[in-house]
Amino acid sequence: MGFIEELKSGNGTVYAQWGGLLSIIFLVIGGFSNLFSSLIVFAFIAWAEAFIMILLEIPVFQKCCPHGPRVQAFVKYFEGNYLRAVLYVGFSVLMWLTLTISSSFTFFILGALTTAFSAFCYGIAGLKKQERQPSTLTGANLGPGSLL
């Protein structure tokens, strides 16, 4: 299945994964851009959130990066749509808290919006009882014959 077919599939987990990938980009950029500002704590929180989202959303990193049984248990715990939605709501709330300090931190706001979008899509996918379907562009097809 190609990228266009994935978008036409109507599976909420695909939309949530792409929202999560956008969130990762915004959170990493926001972390770098606010490293030497009054939001240094939020910069490190954004990086931690982005790292967790990378582990959850990009299957190729689960295959490439060495990790122990605790990390595997963490990733397996958040395989369900509802738990991922709750986790992403928490991430989004943390980034919305940057507005209490200043309203000019665009990348944190964009990160909060896209993380909230992902949480919404995972919640809808949970209500529809849709199975998690990782995107083929992020390394979901790592079976026999793959490059890794």
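Closest approach of L35 to F44, counting heavy atoms only: CD1-CZ, 4.1 Å. Here the shortest heavy-atom pairing between G31 and A43 reads O-CB, 3.4 Å. Scanning all heavy atoms of the two residues, the minimum distance from G20 to S118 falls at N-OG, 2.8 Å.
Within the structure, salt bridge (charged side-chain N to carboxylate O under 4.0 Å, His left out) contacts touching residues 82-94 (residues at least two apart or in different chains) are E57-R84, E79-R84. Within the structure, salt bridge (charged side-chain N to carboxylate O under 4.0 Å, His left out) pairs that include any residue of residues 118-131 do not occur (at least two apart or interchain).
Linking Ile, Leu, Val, Met, Phe, Trp and Tyr whenever their side-chain heavy atoms come within less than 4.5 Å puts W47 and I58 in one cluster. Using a 4.5 Å cut-off between side-chain heavy atoms of Ile, Leu, Val, Met, Phe, Trp and Tyr, with links allowed through other members, V89 and L94 fall into different hydrophobic clusters. In the hydrophobic clustering of ILVMFWY residues, with side-chain heavy atoms under 4.5 Å counting as a link, I45 and V93 come out apart. Residue F120 is not grouped with residue L113 when hydrophobic side chains (ILVMFWY) are merged at heavy-atom distances under 4.5 angstrom, including chains of intermediate members. With hydrophobic clusters built from ILVMFWY side chains whose heavy atoms lie under 4.5 angstrom apart, M95 shares a cluster with I54.
We find the OH-CZ distance between Y88 and F78 to be 9.5 Å, quoted to the nearest 0.5 Å. Atom OH in Y122 sits 12.0 Å away from atom CG in L83 (nearest 0.5 Å). Rounded to the nearest 0.5 angstrom, L87 CG and S92 OG are separated by 11.0 Å. Here the straight-line distance linking atom CZ of F42 with atom CD of E49 works out to 10.0 Å at 0.5 Å rounding. For the atom pair CG (L110) and CD1 (I29), the distance works out to 9.5 Å, reported to the nearest 0.5 Å.
Looking only at side-chain heavy atoms (C-beta outward), T13 and Q17 stay at 4.5 Å or farther from each other. A heavy-atom distance below 4.5 Å is not found between the side chains of L22 and W18. Side chains of I24 and F51 form no contact here, defined as non-hydrogen atoms less than 4.5 Å apart. A 4.5 Å side-chain heavy-atom check between W96 and I109 finds at least one atom pair inside the cut-off. Counting heavy atoms from C-beta outward, F91 and M53 have side chains that approach closer than 4.5 Å. Within the 4.5 Å cutoff, no side-chain heavy atoms of T98 are placed close to those of N34. With a 4.5 Å cut-off on side-chain heavy atoms, F108 and I101 do not count as touching. Residues Y15 and F117 have side chains in contact (heavy-atom distance under 4.5 Å, counting atoms from C-beta outward).
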Does the pair I25 and F107 meet the rule for a side chain to side chain contact (heavy atoms under 4.5 Å, CB included), with working shown? CA-CA 9 Å; I25 293 168; F107 286 108; over 6 Å; no
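S23 meets the side-chain hydrogen bond (donor to acceptor under 3.5 Å, both in side chains) test with T114, T115; sequence neighbours excluded.
Judged by distance alone, the side chain of Y82 and the main-chain N or O of L127 form a donor-acceptor pair under 3.5 Å.
No more than 12 heavy atoms of other residues, nucleotides or ligands lie within 6.0 Å of OH in Y77, so this atom counts as exposed by the packing criterion.
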